[in-house]
Amino acid sequence: MLLNIDQGWLVQICLASIRIGMLFILTPVFYNMRGVTTARVLLVLALSVGLAANLAPAPRGLDFAYGPLLAAGAGEVATGAVLSFGLFAAFSAFSVAGKILDIQSGFSIGSVYDPVTGGGAPVFATVLNLAAVAMFFAMDGHHALVRGIAYSLHQVPPGTGLTAFDPEAVVRQFGVMFTLGVAMAGPVMFGLFLAEIALAVISRSLPQMNVFVVGVPVKIVIALALLALSAGLLGPVMGRVYASVFLFWERVL
């Protein structure tokens, strides 16, 4: 029994796996999961096989010709990196919000040991990043991610590379990162601003009191309380963060 395998189909799977692999390596959803490398590789291969079945045949000259195949692979690395940037920049909005809250509340004075990176990790930024990943799966973001990958493979078939890259889309994605990050931290920032005013009034009335020592735990309690109270308002902002990923992909593809 002979098993005939189309070389063009294998090339499509290899190129698609490079793009999807780059996306999974750099995405904040999976890049910290170091203990499941085998599962990630199998997931990339499974997605590549499933999505390559609906793609057009590979361009001529890519049937295991080393020069064109290496050039096509480099193009897929670049395409995957661009797509990963959109996802990474969107999730960075949570890091921006967390770092702002860490500085404003006083948590930045100390740091918590992060066993993943081996260094210090800001408290609020870590909490918001974990909540962002959990909400991403809760809002079926992983389904939208698979549909977005399929859309990218149809818009830019494997082996063709990005022909018209729009740098303005990168600038807009940076703007989305900072705008939505500040929007998430806005209610807590306003509450901490009022707390700073109250502490300033107290320091003027009671100059013998060490406001710095008293103010740090007060601001931490206020920040935690306001973050808990405003957690229900973060859903629409998170939805805009996830939607910005696919809007970025539409602009660059």
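What you see is a predicted model; the values in this text were computed from it and never measured.
Shown here for D102 and A125, the closest heavy-atom pair between the two residues is OD2-N, 3.4 Å. Nearest heavy atom pair, residue F94 against residue L128, reads O-CD1, 3.8 Å. Annotation for V252 and A169: closest pair CG1-CB, 3.8 Å, computed over non-hydrogen atoms. The nearest pair of heavy atoms linking L15 to P158 is CB-CB, 3.6 Å. Shortest non-hydrogen contact noted between A185 and A97 is CB-O, 3.9 Å. M22 and A81 make their closest contact through CE-CB, 4.2 Å (heavy atoms, listed as atom of the first residue, atom of the second, distance).
In this structure, the side chain of R19 engages the main chain of S152 through a donor-acceptor pair within 3.5 Å. Between the W249 side chain and the G86 main chain, no donor and acceptor come within less than 3.5 Å of each other. Checking side-chain atoms of S244 against main-chain N and O of Q173 turns up no donor-acceptor pair under 3.5 Å. Between the side chain of S17 and the backbone N or O of C14, at least one donor-acceptor pair lies under 3.5 Å.
V201 places none of its side-chain heavy atoms less than 4.5 Å from the side chain of R204. Within the 4.5 Å cutoff, the side chain of S105 has heavy atoms near those of the L192 side chain.
In this structure, L130 is not a member of the same hydrophobic cluster as V188, with clusters built from ILVMFWY side-chain heavy atoms closer than 4.5 Å. Both V44 and V146 are members of a single hydrophobic cluster when ILVMFWY side chains are connected at heavy-atom separations under 4.5 Å.
Note: Y242 and F136 have perpendicular aromatic rings, judged against thresholds of 30 and 60 degrees for the angle between ring planes.
A salt bridge does not link E168 to R251: none of the charged nitrogens lies less than 4.0 Å from a carboxylate oxygen.
The CD atom of Q104 sits 15.0 Å away from atom NZ of K99, with the distance rounded to the nearest 0.5 Å. For the atom pair NZ (K219) and CZ (F193), the distance works out to 12.5 Å, reported to the nearest 0.5 Å. Summarising the geometry, atom CE belonging to M184 is positioned 11.0 Å from atom OG belonging to S230; distances are rounded to the nearest 0.5 Å. The CD1 atom of I18 sits 12.5 Å away from the CD1 atom of I13 when rounded to the nearest 0.5 Å. Remark: L226 CG to M189 CE distance equals 12.5 Å, nearest 0.5 Å. Here I202 contributes atom CD1 and I197 contributes atom CD1; the two are 12.0 Å apart, rounded to the nearest 0.5 Å.
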Requested in this report: Test side-chain contact (heavy atoms from CB on, under 4.5 Å) on L145 and L23 and set out the steps.
Outcome: CA-CA 10 Å; L145 181 62; L23 186 62; 4.3 Å; yes
Query raised in the report: What do the steps show when you test V176 against F248 for side-chain contact (heavy atoms from CB on, under 4.5 Å), and what is the final call?
Result: CA-CA 10 Å; V176 167; F248 173 79; over 6 Å; no
Query - Derivation and outcome, side-chain contact (heavy atoms from CB on, under 4.5 Å), residues E250 and Y151 - result: CA-CA 9 Å; E250 288 182 358; Y151 172 80; 4.1 Å; yes
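Partner of M177 under the side-chain contact (heavy atoms from CB on, under 4.5 Å) criterion, chosen from V96, V241, V182: V96.
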